[in-house]
**Student:** 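Encoded as structure tokens, here's the structure I'll be asking about.
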Number of protein chains: 2
Amino acid sequence: MNLLVVGSIALDTIETPFASVSETPGGSALYISISASYFTDSIGLVGIVGDDFPKDVIDELKQRNVNLSGLKIVPGERTFRWAGKYHYDMNTRETIYTQLNVFSDFDPIIPDHFKSSKYICLGNIDPVLQMKVLNQVRSPKLVIADTMNFWIERKFDELLETLKHVNVLIVNDAEARQIAREPNLIKAGRKILKLGPDVVIIKKGEHGAVLMIDNAIFSAPAYPIEAIQDPTGAGDTFAGGFAGWLARTDDVSEKNLRRAVIYGSAIASFCVEDFGINRIRKLSWEDIQKRFRAFKEMTSFEVD
Amino acid sequence: MNLLVVGSIALDTIETPFASVSETPGGSALYISISASYFTDSIGLVGIVGDDFPKDVIDELKQRNVNLSGLKIVPGERTFRWAGKYHYDMNTRETIYTQLNVFSDFDPIIPDHFKSSKYICLGNIDPVLQMKVLNQVRSPKLVIADTMNFWIERKFDELLETLKHVNVLIVNDAEARQIAREPNLIKAGRKILKLGPDVVIIKKGEHGAVLMIDNAIFSAPAYPIEAIQDPTGAGDTFAGGFAGWLARTDDVSEKNLRRAVIYGSAIASFCVEDFGINRIRKLSWEDIQKRFRAFKEMTSFEVD
């Protein structure tokens with residue numbers, strides 16, 4: 001496989017000030033896989049669902065050439081469920097409930113033909129499981145990982161151990177501050193770079209994303225969306241676009257990492273236009289290219 | 001005059017979590033003038049101070065070729081004073097006190113030789129006074145104005161009237177939302193464009209600035225400062241750099257407006273490195289150019 005994706009697969013119940021949906025397919029591995037599938041047709045997914053998970057979504061993943069030999073479907077069991085509610089500004093949300101179900105026993109077993117994947121994208125799961133994945137793969141070219149406050153608070157030492165084996169950490173601003181215990185975002189990023197990752201990407205929602213490598217900083221805006229329907233999965237969609245572009249081009253130069261950030265931002269900007277995976281299921285390559293060019297237009301200025 | 005600057009001149013008492021200063025020279029007109037003086041030597045300032053305002057700052061303005069024939073120094077009276085305290089994250093502040101003193105009688109009389117100024121930069125003052133300035137000048141090429149929550153709340157109708165005569169409105173994100181009564185920043189910007197201004201610039205502090213013209217959006221990041229000493233005046237310094245660059249080049253094309261936003265952002269990024277005007281007093285043209293190029297480096301990516 002070119003790109004190995006490991007993470008959660010869920011049924012999400014989402015409430016925003018404007019609308020709500022019940023048990024829509026979600027989870028980090030789903031968003032990452034769909035997003036990355038626009039860039040590469042060599043994706044292996046490792047995850048777990050119950051037999052209540054919609055067949056049409058599984059079929060769609062297959063159509064997108066996502067190899068599902070690492071997807072465990074547990075008969076008679078229920079898929080992981082999450083419910084959240086967004087506040088008026090769409091920037092903050094609260095978790096209404098979390099039902100781990102099959103996910104409580106998730107033990108990522110990497111199929112043999114996935115073990116030599118060049119690119120690894122670890123969705124937001126227990127850092128112990130992330131490490132377990134990394135212990136099974138053979139010298140990947142690039143390991144990309146996400147995490148969240150839950151793990152930073154409960155498994156900080158384990159996260160620090162995992163970070164030593166991660167090349168690119170993708171976190172949001174609050175998570176970066178929390179990991180580094182530093183309120184200034186740039187200082188926080190630099191501290192994280194000392195913990196293992198060669199690259200840190202800090203997602204700032206409507207304010208875009210910042211890529212930090214050594215002394216270089218690349219700042220990407222968010223695409224201006226006038227009617228955000230649902231921010232769920234935007235971060236994972238970003239990670240999928242980022243990882244997908246790198247896997248497609250097999251180039252991890254700073255120059256190409258910058259482009260990958262823009263591809264991630266471009267595809268994530270579609271994600272928020274509808275609930276769940278609704279919008280990112282329906283994209284064309286030209287849609288993504290057009291939005292990529294819109295980022296260029298939006299950030300260009302001449303020096304002389 | 002090439003650039004007419006009208007606004008407050010103050011003695012600011014500033015407390016941050018790390019340090020504090022007492023009665024340091026400030027005010028929108030002072031920040032704008034110093035900032036713009038790096039770009040053009042044809043600036044006319046209209047403002048008011050008491051005779052307690054430091055002579056060395058007045059002398060410095062003269063050395064910077066800022067024409068002070070519109071500066072009223074009221075004998076035996078005290079300069080406008082403001083005191084504010086920043087919270088831990090440096091993004092929010094509270095006003096401790098405001099002593100208007102001479103500023104309560106500020107009646108901007110534009111000297112005859114300022115009346116044909118091509119560029120007008122109206123600092124954050126009562127919109128009635130801003131309008132009074134505009135009623136005295138002769139067909140300027142570009143009117144740039146700032147405002148704040150105080151006027152939006154207390155003189156909204158007067159502000160709407162002034163906006164009809166403003167070409168470029170520079171506000172922060174909260175002010176944009178408040179004027180437009182719209183939480184989405186992009187929608188808010190578009191609403192403001194219908195109120196009169198041809199261009200709106202929304203400053204987002206550590207998240208940079210957005211320029212909106214018709215259907216075009218230009219997004220500029222903030223320069224990453226690891227140790228922000230004092231955010232006071234950064235917005236005015238931005239406006240001064242923006243206005244100064246336009247006055248210098250006498251080009252209000254979109255292409256040049258984008259550059260002006262970067263010059264504004266570049267010089268504002270110096271402002272926060274020290275208290276009050278301390279840092280922006282000491283810049284060289286090369287300092288500004290170097291930071292301008294850093295913005296280019298920070299935002300560049302290749303399409304192919």
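Below, all heavy atoms of this structure are taken into account, side chains as well, without hydrogens, waters or symmetry copies. In what follows, chains carry the letters A, B, and so on, assigned in the order in which the sequence lines appear, proteins first and then strands, with residues in each chain numbered from 1.
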**Student:** Which answer fits B:Ile262, side chain, backbone, both or neither, if we ask what part of it has an atom under 4.5 Å from a heavy atom of chain A?
**Tutor:**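 For B:Ile262, the side chain is the part near chain A, not the backbone.
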**Student:** Write out all pairs satisfying side-chain hydrogen bond (donor to acceptor under 3.5 Å, both in side chains) with one or both partners inside residues 143-152 of chain B, taking only residues at least two apart or from two chains.
**Tutor:**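 side-chain hydrogen bond (donor to acceptor under 3.5 Å, both in side chains) check on residues 143-152 of chain B returns B:Asn124-B:Trp151.
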**Student:** Could you tell me which residues in residues 179-192 of chain A have at least one non-hydrogen atom under 4.5 Å from a non-hydrogen atom of chain B, sorted by residue number?
**Tutor:**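 Near chain B, by residue number: A:Pro183, A:Asn184, A:Ile186, A:Lys187, A:Arg190.
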**Student:** Identify the heavy atoms of B:Glu206 and A:Lys204 that sit nearest to each other, and give their distance.
**Tutor:**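 It is O-NZ, 4.2 Å.
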**Student:** Which value, rounded to the nearest 0.5 Å, describes the distance between B:Glu302 atom CD and A:Arg259 atom CZ?
**Tutor:**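 That separation rounds to 5.5 Å.
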**Student:** Is A:Val261 close to B:Phe301 at the side-chain level, that is, under 4.5 Å between some pair of heavy atoms?
**Tutor:**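 SC-SC contact between B:Phe301 and A:Val261 ruled out.
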**Student:** Considering only heavy atoms and a distance below 4.5 Å, find which of B:Ala227, B:Ala222, B:Ser219 pairs most often with chain A.
**Tutor:**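 Of B:Ala227, B:Ala222, B:Ser219, B:Ser219 has the most heavy-atom pairs under 4.5 Å with chain A.
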**Student:** Can you tell which part of B:Ile225 gets under 4.5 Å to a heavy atom of chain A, answering side chain, backbone, both or neither?
**Tutor:**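 Just the backbone, heavy atoms under 4.5 Å.
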**Student:** Highest number of heavy-atom pairs under 4.5 Å with chain A: which of B:Leu211, B:Asn256, B:Ile217?
**Tutor:**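 Of B:Leu211, B:Asn256, B:Ile217, B:Ile217 has the most heavy-atom pairs under 4.5 Å with chain A.
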**Student:** Is it true that, when you exclude B:Lys255 itself, more than 12 heavy atoms of the residues, nucleotides or ligands shown sit nearer than 6.0 Å to its NZ?
**Tutor:**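 Counting neighbours around NZ of B:Lys255, 12 or fewer heavy atoms of other residues, nucleotides or ligands fall under 6.0 Å, so no.
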**Student:** Sequence neighbours excluded, which residues qualify as side chain to side chain contact (heavy atoms under 4.5 Å, CB included) partners of A:Arg248?
**Tutor:**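 Scan of A:Arg248 (side chain to side chain contact (heavy atoms under 4.5 Å, CB included), adjacent residues dropped) gives A:Phe39, A:Trp245, A:Trp285.
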**Student:** Which residues from residues 290-297 of chain A are near chain B, with near meaning under 4.5 Å between non-hydrogen atoms?
**Tutor:**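 When heavy atoms of chain B are the reference, residues 290-297 of chain A contributes A:Phe292, A:Phe295, A:Lys296, A:Glu297 within the under-4.5 Å range.
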